[in-house]
Amino acid sequence: MTVEHVEIRPGAYADSVALLQVSRDVAATPGVAAAQVAMATELNVEVLQGMGFTLPAASPNDMVVALRLDDESALSAALAAVDAALAAARKGSSGGEVTAPPRTTGSALRRAGGDLALVSVPGASALVEAMDALDADVDVMIFSDNVPVEQELAMKRIARERGLLVMGPDCGTAVVGGVGLGFANTVSPGKVGVVAASGTGCQQVLALLDAAGVGVAAALGVGGRDLSAAIGGISTMTALDRLDADPAVEQVVVVSKPPAAEVAAAVEKYAAGLTTPVRFALLGAGQPDLTTQVEALLGDLGVAVPAWPTWGTPAAPAPDGGSALRGLFVGGTLCDEAMLLAAETLGPIRSNIPLAPDLALDSSLLEPGHLMIDFGDDGLTRGRAHPMIDPTLRLEHLAKVAADPDTAVILMDVVLGHGAEDDPAAGLAPAIAAARAVREVPVVVACVGTSADPQGLTRQAEALAAAGAEVHLSNAAATRRAIALATGGAR
Amino acid sequence: MTTTSLPSVAPAAVAAVGADMFATAVADQAVPVERVDWTPPMEGTSDDLATVAADPLRRDANALAVSRMLDVQAMLVGVAPASELLGLEKGQFLHAGPPIEWARASGPLRGALMGAAAFEGLVEDPEDAEALFAAGTEVSLEPCHHRSAVGPMAGVVSPSMWMFVLEDPATGRRTYCSLNEGLGKVLRYGAYGPEVLERLRWMRDVLGPLLGEAVSAAGPVDATAILGQMLQMGDEAHNRNRAGTLMLLRDIAPSLVRSSRSSEEVAEAFAFMGGNDHFFLNVAMPACKLALDAARDVPGSTMVVAMARNGTDFGIQVSGTGDQWFTGPAQLADGLFLGDYGPDDANPDIGDSAITETAGIGGFAMAAAPAIVRFVGGTVPDALATSRRMREITIGENNRWPIPVLDFAGAATGIDVSSVCRTGILPQINTGMAGKVAGVGQVGAGLVTPPASIFPAALAELARRTRDRA
């Protein structure tokens, strides 16, 4: 007879990544059938209800401990495991110092100096921490998503006045002087400077440049909304100024999700006034994909375009048919790029980040026809770790999509680098193999990374290929293969 | 990466707040990382915090408020009756804390007002004053703070009481405080027996005039400098003022001896002041207020410029919100009790003396006063931790008030309403405890904090003003 234990711990707090680890540790305790320790955000409450737990009222500042136990006798060991795991999570952040650690970013900068601040608190509190950095005349990178756009505008205006750079919010990737921040690939130093209003778009460019043997001086993320009409490219211009002033930078490339046309035009005009040449790789209907743009950039640099690597056996169409392309992405820009390419051939594609509002998916994320889901979108990460860290939601969905007879092909991305899962193939490869054991649906994967990344590009790609996936370094190439499979063609 | 550095150069050090994995990833790449121990802000404050943080006025406003405060030199320039200095007339009484009426006044405030009414000759017997205050027709109550004054505990000031005058020579601004009556059964703790009134008369007839004469003859005494010395000598200038009292005596002793008063009266005055370790508190308090008043009324500033209690309410005033009080219920102190007294005998927190903590001394400088940590219910490590923790909620530090044991770091100065709401850390106040029944007097001393709710309330008003300006 299973027993449920749910308790609310008001005012207790740990970040979503720490709680993910706590949940895993507790779930591994003997006698525990399921465990979820999470802040009681709206999304987490839904997840807990989906797991069948009944919850008392709680605010997002409260921690929920929800346990399903084989029997009552397992409770005390399970609660001890919760406390031990929470204590271990706290230890990581305070480091056992004699003096209490700083409580605000401002205090940390006063104590330790520092010339950059990294902010990854929940979106509602991100501006306050970021302003501490700007007040200390320090640049800031904001990983946090769910930051209101008017707050983004306010802090970027203040930063621009003070000559400071705000990377983000929702900035997943940057490389500063060879140091990877957030989700960043390990690349060799070189002469290319990247400005990216797109984290995974930036990573795709870094991975392709690395495969072509070209190094990078710096990659400055500016946040996915920087080239929107509301923000007007404020951080993009500051980032361009910085790269232009850096003698190590000989060529700049600006990477973005589909920008606002007038902002793109204004920024292009601004870039034309700089000394360093700037190439724009801006996604949009009728615009070249990122791989094509990198090939053009290699042309600017006088470097030959290599054959982009692939792994595994070319996928074959599903023997039992199906006509729909189903994309399951962790990278928003990779999802955008795939939708733009696929829409040209397949027509409308439904998505949680749709190219047009009438293509929006409902919250079940399961509808007939072609669809592509960005699991890294704000709506799916509120109070949860990014899918590049926590693959749970995407893996659950993979099984559902594979079992759907309408599915002709599954397209996925795997993004490597600092900050991402230690070994994404360890979870994904068995899931792909299990899905294909139920139904032999073709799976095409874009595996974005470099050979020097902590996870190892080749090792990851080979593990996914061994599970039956066709693997590409180029997301555009992977998408074209998936389109061909959806339309019945083989390689 | 500062404005002058290059993106191809690695950062020298990084501050990281939020998910620890990002900090770990940077540390793994051999860049020093300072991790922030972040917790969510006080409930319901996120939007107001963001509004105030993005206020274009805030950074410069806070820098201006702190620098104005630190520029003040508080000089003791005189001692004279409240009637002369404040224009206080018969029937007018000042009290500690935010405004309050008789009906809501606590026991110690009532006791002090009753004693003061008898002292002013409004009634024969202090007990008769209750009806006078309840009617409210011939008397009026007003906060000390509204007349540039501060009062310890009940803080009751009546026209015949003599007061210290502190002046900032650069601006000529002045603040005031009554003379300290000593310990035991005293008016400020709500006692009003015959010995209390007798002492007040002696202070009016002998001590006040004698001090007035001596201070005039000795010339201005630099109270700000004495406060700095006190922190080197084991005082935190709120619950311990032993060194400060002796330094003041040292500065005015020659003039006391040369005064027109008899050697017997001068000796009495020496004995009274020397036997009263709190004598300097009543100079420290107006010195702090003089400095904090300079920081008032800076639009956009989130700095607290007064914390004060009337025995019922705890109130704060903030630079960016003018004279508005933000109040909540005064708390009971946690500490040690005199004699047989216990927690049931104590009145909630009372007095303007939290002006010392507002200025960065008192509980904020507890690390400077290890001799009294047990008296206020703590240990030496607690004291060090408290003084360090207060740096998390202050805008700057006061280099004229260094704390030796903290490697001469300046006192944490300028409480920031935003930082309090962000961290949930409340200002730590050292305090005395008055008996809750009028007439009892002091029952103990300990530690107390303001009610948490007043900081979100002040923040909401700052945010409202920020939105109105936008």
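Given the structure is predicted, the values throughout are model-derived calculations rather than measurements. We use all heavy atoms of the structure for the numbers below, so side chains are in, but hydrogens, waters and symmetry mates are not. Per chain, numbering begins at 1; letters A, B, ... match sequence-line order.
Of the residues considered (A:G178, A:A245, A:P122), A:P122 shows the highest number of contacts with chain B, using heavy-atom pairs under 4.5 Å. Of the residues considered (B:A16, B:A63, B:A19), B:A19 shows the highest number of contacts with chain A, using heavy-atom pairs under 4.5 Å. With chain A as the partner, the residue from B:A23, B:A25, B:A54, B:P32 showing the most heavy-atom pairs under 4.5 Å is B:A54. Per-residue counts of heavy-atom pairs under 4.5 Å with chain B were compared for A:A130, A:A218, A:P189; the largest is that of A:A218.
Contacts of A:I158 with chain B are made by side-chain atoms alone, with heavy-atom separations under 4.5 Å and no backbone atom involved. When heavy atoms are compared at a cutoff of 4.5 Å, A:A154 approaches chain B solely by way of its side chain, counted from C-beta outward. Only the side chain of A:D132 comes within contact range of chain B, with heavy atoms under 4.5 Å apart. Interface residue A:E129: backbone and side-chain heavy atoms are both found under 4.5 Å from chain B. Residue contact with chain A, scored on non-hydrogen atoms closer than 4.5 Å, involves the backbone and the side chain of B:V14 alike. If you measure heavy-atom distances from A:S59 to chain B, the contacts under 4.5 Å come from the side chain alone. Using a 4.5 Å cut-off between heavy atoms, B:I425 contacts chain A through its side chain alone, with no backbone atom that close. Of the atoms belonging to A:I389, it is side-chain heavy atoms, and not backbone ones, that fall under 4.5 Å from chain B.
Contacts between residues 38-52 of chain B and chain A, counted as heavy-atom pairs separated by less than 4.5 Å, involve B:W38, B:T39, B:P40, B:P41, B:E43, B:S46, B:L49, B:A50.
Checked by atom type and distance alone, the side chain of B:S8 never pairs as donor or acceptor with a backbone atom of A:A217 at under 3.5 Å. Counting only distance, with no hydrogens or angles, the side chain of B:D37 and the backbone of A:R103 share no donor-acceptor pair below 3.5 Å. Put simply, the side chain of A:T104 never gets that close to the backbone of B:T423: no donor and acceptor are under 3.5 Å apart. Here the side chain of A:D115 pairs a donor or acceptor atom with the backbone of B:A12 at under 3.5 angstrom. Within the 3.5 Å criterion, the main-chain N or O of A:V179 finds no donor-acceptor partner in the side chain of B:Q29.
Summarising the geometry, atom CE belonging to A:M131 is positioned 5.0 Å from atom CZ belonging to B:R58; distances are rounded to the nearest 0.5 Å. For the atom pair CZ (A:R242) and CG (B:L6), the distance works out to 9.0 Å, reported to the nearest 0.5 Å. Atom CD1 of B:I393 is separated from atom OG of A:S107 by 11.5 Å, given to the nearest 0.5 angstrom. Between the CD atom of B:E34 and the CZ atom of A:R110 there is a distance of 11.5 Å, given to the nearest 0.5 Å.
Taking the side chain as every heavy atom from C-beta outward, A:L220 and B:P7 approach each other to under 4.5 Å. Using a 4.5 Å cut-off on side-chain heavy atoms (C-beta onward), A:R111 and B:R391 make no contact. Here the side chains of B:R35 and A:P101 are not in contact, with every heavy-atom distance at 4.5 Å or above. Using a 4.5 Å heavy-atom threshold, the side chains of B:R59 and A:R162 count as touching.
Aromatic ring pairs are classed by plane angle as parallel below 30°, tilted from 30° to 60° and perpendicular above 60°; the pair B:F22 and A:F143 is parallel.
Under a cut-off of 6.0 angstrom, the local environment of CG in A:D422 is sparse, with at most 12 non-hydrogen atoms contributed by other residues, nucleotides or ligands. Other residues, nucleotides and ligands place more than 12 heavy atoms under 6.0 Å from the CG atom of A:N146. Atom CZ of A:R157 has 12 or fewer neighbouring heavy atoms from other residues, nucleotides or ligands inside a 6.0 Å radius.
Nearest approach of A:G180 to B:V26, heavy atoms of both residues: O-CG2, 4.4 Å.
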